[in-house]
Amino acid sequence: MTGTSSQSPWRLAALAVTVLALLLVAAALLRHSTGDLDLLLHDRTGSDILAGEGIPDTNTYSFTAPDHRWTNHEWLFQALVATAGDLTGSGAIGGRATGWAVLRLVLGLGLVAVLLMDAWRHRRTTPAALAAWVGLVSLGLLWTRLTMRPEILSAILLVVVLGRIETALRSGRDDRWPLAVVDPRRAAGQATWLTVLWYQCHGFAVLAPVMWLLAAALDRGAGPARERWRWASVGALLGLLAGAATPSGPAGLLYPLQVIGQFTGDGPDLQRTISELVPLLE
């Protein structure tokens with residue numbers, strides 16, 4: 001007991017140093033350029049939304065097919081990008097880029113923070129070793145996406161939603177079923193409403209139903225199989241229906257099929273692509 005107590009300050013110090021090191025590494029990796037062409041599209045769309053022009057449901061920014069339907073699951077991210085740009089520049093690309101850089105830094109450090117929190121929740125070894133392993137591996141896998149794209153926000157929500165799903169499956173016997181799946185005070189309800197939020201930021205929210213089912217299949221410690229699958233089935237169904245809670249309405253439910261359709265046929269139809277070659281700044 002005495003030995004454990006004497007080691008505690010050293011372990012806490014090692015954990016603090018590890019967390020600080022990971023945050024510094026993340027900050028370094030976040031110093032990417034803002035030359036991604038998608039960023040201009042997101043900024044222009046977000047600016048139009050904030051100006052009161054509504055959320056576009058057609059391919060407005062294309063030369064070739066401006067009337068083609070657009071399932072925009074990224075409108076909230078776009079408004080966030082435009083807001084960040086407005087804070088540092090009213091029109092000049094250089095000034096707006098400063099706001100984007102700050103937002104990118106905040107989101108990137110937020111991603112590292114939720115990864116570390118999740119690692120701590122799943123700790124099976126010394127905190128410092130686990131934080132170093134999970135943090136560095138995660139950064140190694142994600143560093144190419146630590147740019148100003150909706151994927152970085154999607155990664156944050158993926159970690160948070162998965163944590164809520166795991167907690168919901170493990171506490172299901174203590175919650176009122178099935179109302180808890182929509183109760184924001186319960187882990188299951190939080191997973192559902194966070195999925196709705198996720199859908200407004202990025203189409204990767206379609207992963208939420210799969211996460212429910214995988215958690216039920218893999219987490220054997222979350223109670224009897226029948227109870228796990230009952231919770232997971234309802235959670236997955238609500239996670240799927242959350243796609244209809246986007247501005248696209250029922251069309252949001254078809255998003256997975258649209259994605260699959262991109263890999264069929266002879267190749268992409270550029271006339272139906274949201275054009276990034278349009279002079280968005282004009």
Does the side-chain contact (heavy atoms from CB on, under 4.5 Å) test come out yes or no for Met211 and Leu158, once each step is laid out? CA-CA 9 Å; Met211 289 158 56; Leu158 185 148; 4.2 Å; yes
Given the rule that I, L, V, M, F, W and Y join up when any side-chain heavy atoms are under 4.5 Å apart, are Leu214 and Leu169 in one cluster? no
For the student: nearest non-hydrogen atoms of Leu194 and Arg164, plus distance: CD1-CG, 4.1 Å
Residues that Ser248 engages under side-chain hydrogen bond (donor to acceptor under 3.5 Å, both in side chains), provided they are two or more places apart: none
Which atom of Trp198 lies closest to which atom of Phe204, heavy atoms considered: CZ2-O, 3.5 Å
What pairs with Arg226 under salt bridge (charged side-chain N to carboxylate O under 4.0 Å, His left out), at least two apart in sequence or on another chain? none
Minimum heavy-atom distance between Thr88 and Gly99, given as atom pair plus value: OG1-N, 2.8 Å
Would you call Thr45 and Trp70 a side-chain contact if the rule is heavy atoms closer than 4.5 Å? yes
Check the hydrophobic clustering (I, L, V, M, F, W, Y; side-chain heavy atoms under 4.5 Å; chains of links allowed) and say if Leu197 and Leu111 are grouped together. yes
With sequence neighbours excluded, what pairs up with Trp75 under the side-chain hydrogen bond (donor to acceptor under 3.5 Å, both in side chains) test? Gln200
Please find out if less than 6.0 Å separates the ring center of His42 from that of Phe77. yes
Taking side-chain hydrogen bond (donor to acceptor under 3.5 Å, both in side chains) as the test, write out the residues that go with Asp48, two or more places apart. Arg44, Tyr61
Note: Trp100 and Leu39 closest approach over all heavy atoms is CE3-CD2, 3.2 Å
Where do Leu213 and Ala232 come nearest, in terms of heavy atoms and distance? CD2-O, 4.2 Å
List the atom of Ser47, the atom of Ala82, and the distance in Å for their closest heavy-atom pair. N-CB, 3.4 Å
Which residues, ordered by chain and number, are linked to Leu87 in its hydrophobic cluster, where ILVMFWY side chains connect at heavy-atom gaps below 4.5 Å, directly or through other members? none
Cluster membership besides Leu218, Ile/Leu/Val/Met/Phe/Trp/Tyr side chains within less than 4.5 angstrom, sorted by chain and number, is none
Same apolar cluster (I L V M F W Y, side chains within < 4.5 Å links), Val114/Leu207: yes
Rounded to the nearest 0.5 Å, what separation is found between the CZ atom of Arg170 and the CD1 atom of Ile165? 13.5 Å
Answer yes or no: is there a donor N or O on one side and an acceptor on the other, between the side chain of Thr192 and the main chain of Val181, under 3.5 Å? yes
Same apolar cluster (I L V M F W Y, side chains within < 4.5 Å links), Ile152/Val159: yes
Pair Val106, Arg104 - check side-chain contact (heavy atoms from CB on, under 4.5 Å), show working. CA-CA 6 Å; Val106 170; Arg104 183 176 68 245; over 6 Å; no
Counting C-beta onward and ignoring hydrogens, is there a side-chain heavy-atom pair between Pro56 and Ile49 closer than 4.5 Å? yes
Looking at residues at least two apart in the chain, or sitting in another chain, which of them share a side-chain hydrogen bond (donor to acceptor under 3.5 Å, both in side chains) with Asp183? Arg185
Excluding sequence neighbours, so at least two apart, what forms side-chain contact (heavy atoms from CB on, under 4.5 Å) with Ala217? Trp229
Hydrophobic cluster membership, with links at side-chain heavy-atom distances under 4.5 Å among I/L/V/M/F/W/Y: are Leu162 and Trp212 in one? yes
For Leu50, the rest of its hydrophobic cluster, which grows through side-chain links under 4.5 angstrom: none
Could you list the donor-acceptor pairs under 3.5 angstrom formed between side-chain atoms of residues 236-243 and any protein atom two or more places apart in sequence or on another chain?
none

I'd like to check His202 versus Leu153 (side-chain heavy atoms, cut-off strictly below 4.5 Å). Are they in contact? no
Taking the side chain as C-beta and beyond, is there a heavy-atom pair between Leu41 and Gln78 under 4.5 Å? no
